2 protein chains.
Amino acid sequence: MTTLKKHYHHGDLTTSLLESASLIIKEQGVENLSMRKLADIVGVSRTAPYHHFKDKNTLLCSLAEQGFKEQEKDLKRLTHQKNASRESFERYVLMYLEYARSHSEIYDLMFGRTIWKAGTPTDSLKEASKQTFKAWVNWVEQLQQGGVLPNSNTPLRIGQTTWASLHGLARLLIDGIYLDQTDQSEMTDQMIKNLCLNDLASP
Amino acid sequence: MTTLKKHYHHGDLTTSLLESASLIIKEQGVENLSMRKLADIVGVSRTAPYHHFKDKNTLLCSLAEQGFKEQEKDLKRLTHQKNASRESFERYVLMYLEYARSHSEIYDLMFGRTIWKAGTPTDSLKEASKQTFKAWVNWVEQLQQGGVLPNSNTPLRIGQTTWASLHGLARLLIDGIYLDQTDQSEMTDQMIKNLCLNDLASP
DNA sequence: AAAACTATCTTGACAGTGTCAAAATTGCAC
DNA sequence: GTGCAATTTTGACACTGTCAAGATAGTTTT
């Protein structure tokens, strides 16, 4: 973005576009990203991006895909660590919510309707999201075996519901409905309690 | 919408716009609602709507507000019914998810970023949503007293988290991420189990 | 070396969007 | 009927995504 060559051929427009787009949506939100502004910032004509991305939707899918890849890496690291303790799970929940907060626009692309309903998810994106979810379910399985998450159902089902809960919380924190910082942290604490298997041992 | 008078003055443009807008977003999604098309359908010029709604955002807020009002009514009915049983809660959860599914576009307006983040919620909308949430918390309190929801925290906090979970599930069902019908119903069942206080009585 | 080819980028154009300012039309109170 | 206020229209502007056709540069072939 900073290095703008004045050659006819840009060099590596594809990644340049992705980087700039990522920056724009981070700072101004996805609704303020236009292909034309993006092209302008990268220093190229309006339609140049269309030789690297079929359309705007495809570009957004690419952005979302990066997010999934990153999340999958985090999950796999946790799973290989083989530390399925409650503390470990708590750390992940906090990490998940922090990611959602600090990359709220990417998060919205990953799970929001912009791509999944209004747009059309790329095959590549669908695959990435599926892979990430699989990594999540794997970790949930470990957490069940570690006695952190309930064993009352399959890893898939427990994974779906606890993730839905986490996702719901993330959305509320992100979408501008809950802004009070105190509420946010206490909601998170309570949510963890809701998700985890209660320790029923008497004191 | 069906009755189009050819007078200069439309009669009741405000409600006519709301009705048509509601129909359009239901059938084509909120991203396919344009002020111009809307005006055209109602049989009025492009800018006529702007004398009834400050801008598109305000119109959408009005739509969302209707949704909140309806939801509040449902909740108050439940509360006055004083039947804080698990069955009653289950019915509400199913009803909530069914509303989200069948009015997915309105639901998205009520809780999504279109209004709350990308746009600016009207004072009137903020008030309506606050009122609805209060009604929800009131019912949660009854459910806690009825031993359906956990008593480990205040009605506000428990209300926030269980609603977040419900909302997360609703979003997944709505936003096109989970489409498989079998998964949907089993996820719902499991979610209810997660939310409710487990009956620990031995058989 | 020149010529042919391919990848990349640009210009021009079209249909669509939200919304503002000024002008036109109408219904109602007097 | 006259005046006023509510309502609607026309014109305009600055945007948007994206297509078709042409221009340019780097690469390969001869």
Side-chain angles (χ1 to χ4, degrees), chain A residues 1 3-21 24-25 28-64 105 109 113-115 117-122, chain B residues 1 3-21 24-25 28-64 105 109 113-115 117-122:
Chain A
M1 230 211 62
T3 68
L4 51 136
K5 309 174 180 181
K6 272 287 143 232
H7 297 81
Y8 191 90
H9 286 74
H10 178 280
D12 196 354
L13 230 194
T14 311
T15 62
S16 201
L17 285 169
L18 285 174
E19 282 176 13
S20 285
I24 291 180
I25 67 169
Q28 318 190 40
V30 68
E31 52 275 327
N32 286 332
L33 171 70
S34 86
M35 292 298 260
R36 293 170 105 108
K37 266 195 301 191
L38 177 58
D40 203 41
I41 285 177
V42 172
V44 92
S45 86
R46 294 134 258 161
T47 60
Y50 286 87
H51 294 90
H52 300 259
F53 298 95
K54 189 176 139 283
D55 50 23
K56 189 181 183 180
N57 175 69
T58 308
L59 191 152
L60 295 181
C61 284
S62 253
L63 248 31
E105 301 295 329
L109 281 180
R113 47 178 289 149
T114 311
I115 287 177
K117 193 154 191 199
T120 338
T122 306
Chain B
M1 229 213 65
T3 67
L4 49 137
K5 310 175 181 179
K6 272 288 145 231
H7 296 83
Y8 191 91
H9 286 75
H10 178 281
D12 196 353
L13 231 195
T14 311
T15 63
S16 201
L17 286 170
L18 285 175
E19 280 175 15
S20 284
I24 292 179
I25 67 169
Q28 320 190 39
V30 69
E31 52 275 327
N32 287 331
L33 170 69
S34 86
M35 293 298 262
R36 293 169 106 108
K37 268 195 301 193
L38 177 57
D40 203 41
I41 284 177
V42 173
V44 93
S45 86
R46 294 133 256 160
T47 60
Y50 285 87
H51 294 90
H52 299 259
F53 298 96
K54 189 177 138 282
D55 49 24
K56 189 180 183 179
N57 175 69
T58 309
L59 191 151
L60 295 180
C61 284
S62 252
L63 247 32
E105 301 295 329
L109 281 181
R113 47 178 290 148
T114 311
I115 286 177
K117 194 155 191 197
T120 337
T122 306

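Every chain is numbered from 1, with letters handed out A, B, ... down the list of sequences. Computed from a prediction, not measured in an experiment: that's the story for all the values here.
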S.K.: Verify the contact: side-chain N or O of B/R46 to OP1 or OP2 of D/dT10, cut-off strictly under 4.0 Å; return yes or no.
M.R.: yes
S.K.: Tell me: CG of B/N57 to C1' of C/dT19, nearest whole Å?
M.R.: 13 Å
S.K.: Using whole Å, report how far CG of B/L60 lies from C1' of C/dG18.
M.R.: 12 Å
S.K.: How close do B/H52 and B/T14 get, counting heavy atoms only, and between which atoms?
M.R.: ND1-OG1, 2.9 Å
S.K.: Atom CG of B/D40 to atom P of D/dT10: distance rounded to whole Å?
M.R.: 12 Å
S.K.: From the options D/dT18, C/dC9, D/dT9, select the nucleotide whose nearest atom is closest to the side chain of B/S45.
M.R.: D/dT9
S.K.: In whole angstrom, what separates A/L59's CG from D/dT18's P?
M.R.: 10 Å
S.K.: Could you walk me through whether A/L60 and A/N57 pass side chain to side chain contact (heavy atoms under 4.5 Å, CB included), step by step?
M.R.: CA-CA 5 Å; A/L60 295 181; A/N57 175 69; 5.5 Å; no
S.K.: Examine D/dA6: is either OP1 or OP2 under 4.0 Å from a nitrogen or oxygen in the side chain of B/H52? Give yes or no.
M.R.: no
S.K.: In whole Å, what is the span from the NZ atom of A/K56 to the C1' atom of C/dG16?
M.R.: 14 Å
S.K.: I want to confirm an ordering. Mapping B/T47 and A/L33 to their closest nucleotides on DNA chain D, which one lands closer to the 5' end?
M.R.: B/T47
S.K.: So B/S34, base contact, sugar-phosphate only, or nothing? Heavy-atom distance under 4.0 Å.
M.R.: sugar-phosphate
S.K.: Where the side chain of A/A48 is concerned, which of D/dG17, C/dG18, C/dC9 is the nearest nucleotide?
M.R.: C/dC9
S.K.: Rounded to whole Å, how long is the line connecting atom CG of B/L13 with atom P of C/dT26?
M.R.: 16 Å
S.K.: If you check every side-chain atom of A/R36, which of C/dT11, D/dG17, C/dT10 has the closest atom?
M.R.: D/dG17
S.K.: Closer to the 5' end of DNA chain D via nearest nucleotide, is it A/D55 or B/H51?
M.R.: B/H51
S.K.: For A/K54, report the nucleic acid contact type (base, sugar-phosphate, nothing); a contact means any heavy atom under 4.0 Å.
M.R.: nothing
S.K.: Let me know the distance between CG of A/N32 and C1' of D/dA14, rounded to the nearest Å.
M.R.: 15 Å
S.K.: Can you tell which of D/dG17, C/dG18, D/dT16 lies closest to the side chain of A/Y50?
M.R.: D/dG17
S.K.: Round to a whole Å and report the spacing from CG of B/L17 to P of C/dT19.
M.R.: 14 Å
S.K.: Which residue, A/N32, A/V30, A/L63, A/I24, forms the side-chain contact (heavy atoms from CB on, under 4.5 Å) with A/E105?
M.R.: A/V30
S.K.: Between B/L59 and B/M35, is there a side-chain heavy-atom distance shorter than 4.5 Å?
M.R.: yes
S.K.: At their closest point, which heavy atom of A/C61 faces which heavy atom of A/T120, and how far apart are they?
M.R.: SG-O, 3.8 Å
